[in-house]
Every structure is written in C-alpha cells, then in structure tokens.
Amino acid sequence: MTTFLIIDDHPLFREALGNAVRLAHPDARILEAMSIAEALHILTSEESIDLALLDLSLPDAAGFSGFLRLRETYPRLPVAIVSSEEDQNVVHEALSLGAAGYLPKSTSKRELAASIGRVLSGSISVPRDFIAAPNAGDKKTLEARLRELTPQQTRVLDLMRRGFQNKQIALELQLAESTVKAHVTEILRKLRLYSRNKAVIEIGKIDLPAPRQRQSRIDHG
DNA sequence: CGCGGGCCGTTTCAGGATAA
DNA sequence: TTATCCTGAAACGGCCCGCG
C-alpha cells in the first residue's frame with residue numbers, strides 16, 4: 001500500500017491534495033500534518049512513507065527552510081513541493097535542493113494525480129512550462145556530486161559509462177554482481193539521476209576524474 | 001492476443017572491515 | 001564507540017521473447 005504525507009496548514013488544500021492523491025491511488029493511506037514540526041513527529045513513528053507533499057508556506061517554515069529540515073532528518077524521503085509560487089527560479093532551486101517534484105497549486109486535480117504518479121515511479125515532475133536549466137549550472141552541480149562518490153563507486157561509474165553491464169563490471173572489478181548493483185544504486189542516488197541510461201548520457205557530457213588504482217586502505221595522499 | 005520464463009536493473013537489509 | 005565503506009543475498013518490477 002502506498003502511503004502519503006501531506007504537509008499543509010490549509011484544510012482545504014489538504015483535502016484537495018488528498019483527493020488528487022486518491023485519484024491516482026484509490027487505496028492510498030494519507031497522513032496529514034499542519035506544520036513541519038507535526039510532520040517530523042509523524043515521521044518518527046511512520047518509517048514507510050512513499051511520498052511527502054509539502055507546502056512551502058507553513059506556520060513554522062518559510063521558503064525552503066521546512067524542506068531542508070525534512071531533508072536533513074530524512075534524506076531518503078521523497079518530497080514533492082506544492083506551492084502557489086510559480087517563479088522558475090524557485091522551481092529551479094527546489095530541484096537543485098533535491099525535491100522530487102514541483103507541483104504548482106494551479107495544477108488541475110487530474111494533472112496533479114499524473115504528476116504524483118511520475119514522482120512515485122522515480123522521475124521528477126515539474127510544471128509543464130518549466131524550462132530546463134542551462135548546461136553550465138547542471139555541469140557544475142553534477143561535478144560537485146561526482147566528488148561525493150567513493151573511489152570504488154567512481155570505478156564502477158567509469159565502467160558504466162563505457163557501456164559495461166553489471167555482470168561485466170563485476171567480472172572486471174572481481175566483485176559479485178549484487179555488489180555492483182548496490183554501488184550503481186548508490187551512485188544514482190548521489191548523482192540524483194533516475195536511471196542508469198540517464199547517468200551514462202549525463203556523465204558522458206563531462207570529464208570524469210580518472211579512477212585511481214586500488215591500493216591499501218592506508219592512504220598517504 | 002495473453003501467459004510464463006528469463007534477464008536486467010533497482011532497492012533493501014545485513015555483516016565485516018576500517019576510520020574517526 | 002560510532003560512522004562510513006564495501007560486500008553480498010534476496011525480493012521486486014519491467015521488459016522481451018517464445019509458446020499456445
């Protein structure tokens with residue numbers, strides 16, 4: 001069963017969002033919070049929430065502060081932002097901070113349901129008229145994220161980029177295939193990319209730092 | 001056309017080794 | 001001691017392909 005957490009201080013919006021969610025998932029379990037504090041409280045006892053829908057303006061949060069507090073405590077919780085703010089810069093910032101989607105409040109119930117479906121399936125949902133970021137910014141953030149990878153993850157990514165499949169990567173690095181799979185998952189998470197092919201394409205656009213040879217754990221670098 | 005099997009990719013969980 | 005990294009097993013879903 002799919003569980004949603006709706007964080008909004010306006011009862012009417014909560015109800016509307018709930019209806020949109022049920023349109024896509026009739027048997028969804030829907031939890032409601034009126035503030036970040038209440039959301040955090042709910043999250044302490046509810047470990048399996050599939051998607052949080054967050055209003056940016058709450059009694060105890062302005063701008064992205066509430067989103068960041070959620071993210072800090074529950075980094076793996078997918079959070080889609082629901083807001084009446086449709087400024088492209090705001091949308092942009094939301095996505096760069098790691099929001100799973102951005103749903104303008106002007107969206108119809110039907111579109112909202114479709115967006116929720118997209119987010120749950122792992123892609124990012126953005127307003128229809130949203131224009132993707134220019135390459136420069138993307139490249140910078142991607143390079144920054146690349147630096148978060150561990151050496152082993154960098155090696156796996158390098159082979160991924162060259163078109164190796166998991167089994168081949170495992171053979172090349174002398175690992176079990178399952179280990180490679182785990183690395184791939186972590187790589188995609190760190191790079192905030194949502195499919196292996198996407199990662200290969202995106203990484204192909206920039207230069208990957210050459211993976212270092214494996215050596216002893218004592219690194220005098 | 002629908003169904004089942006196999007392959008692939010993703011995710012989660014758990015355990016050991018090591019660094020702080 | 002706690003946190004991080006690496007590793008592996010297992011379950012799940014999507015896709016394709018052969019079969020009836």
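Proteins get letters first, then strands, A, B, ... in listed order; numbering begins at 1 in each.
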Show every salt bridge (Lys or Arg N to Asp or Glu O under 4.0 Å) that has at least one partner inside residues 54-64 of chain A, sequence neighbours left out. A:Asp55-A:Lys105
Give, for atom CZ of A:Phe4 and atom CG of A:Asp50, the distance between the pair rounded to the nearest 0.5 Å. 6.5 Å
So if I apply the side chain to side chain contact (heavy atoms under 4.5 Å, CB included) rule between A:Leu53 and each of A:Ile81, A:Ile30, A:Val79, A:Leu103, which one comes out positive? A:Leu103
To the side chain of A:Ser178, which of B:dT10, C:dT7, C:dG8 is closest? C:dG8
Side-chain donor-acceptor distances from residues 12-19 of chain A under 3.5 Å, at least two apart:
unit_1: A:Arg14; atom_1: NE; unit_2: A:Glu32; atom_2: OE1; d: 2.9
unit_1: A:Arg14; atom_1: NH1; unit_2: A:Asp8; atom_2: O; d: 2.9
unit_1: A:Asn19; atom_1: ND2; unit_2: A:Glu15; atom_2: O; d: 3.4

What is the distance, rounded to the nearest whole Å, between atom CD1 of A:Ile187 and atom C1' of C:dC5? 13 Å
Round to the nearest Å and state the distance from A:Glu186 atom CD to B:dC13 atom P. 14 Å
B:dT12 P sits how many Å from A:Ile49 CD1, rounded? 15 Å
From the candidates C:dG8, C:dC6, B:dT10, the one with an atom nearest any side-chain atom of A:Ala182 is C:dG8
Between the axis at one end of the helix from B:dC1-C:dG20 to B:dA20-C:dT1 and the axis at the other (five pairs apiece), what's the angle to 10 degrees? 10°
For the side chain of A:Ala176, starting at C-beta, report the closest nucleotide among C:dC6, B:dT10, C:dG8. C:dG8
Compare side-chain N and O positions of A:Thr179 against OP1 and OP2 of C:dG8 and report whether any pair is under 4.0 Å apart. yes
Between atom CG of A:Leu43 and atom NE2 of A:His41, what is the distance when rounded to the nearest 0.5 Å? 10.5 Å
Could you state the atom-to-atom distance from NZ of A:Lys181 to C1' of C:dA9 in whole Å? 10 Å
Test side-chain contact (heavy atoms from CB on, under 4.5 Å) applied to A:Ala33 - qualifying residues, sequence neighbours left out: A:Leu5, A:Ile7, A:Glu38, A:Ala39, A:Ile42
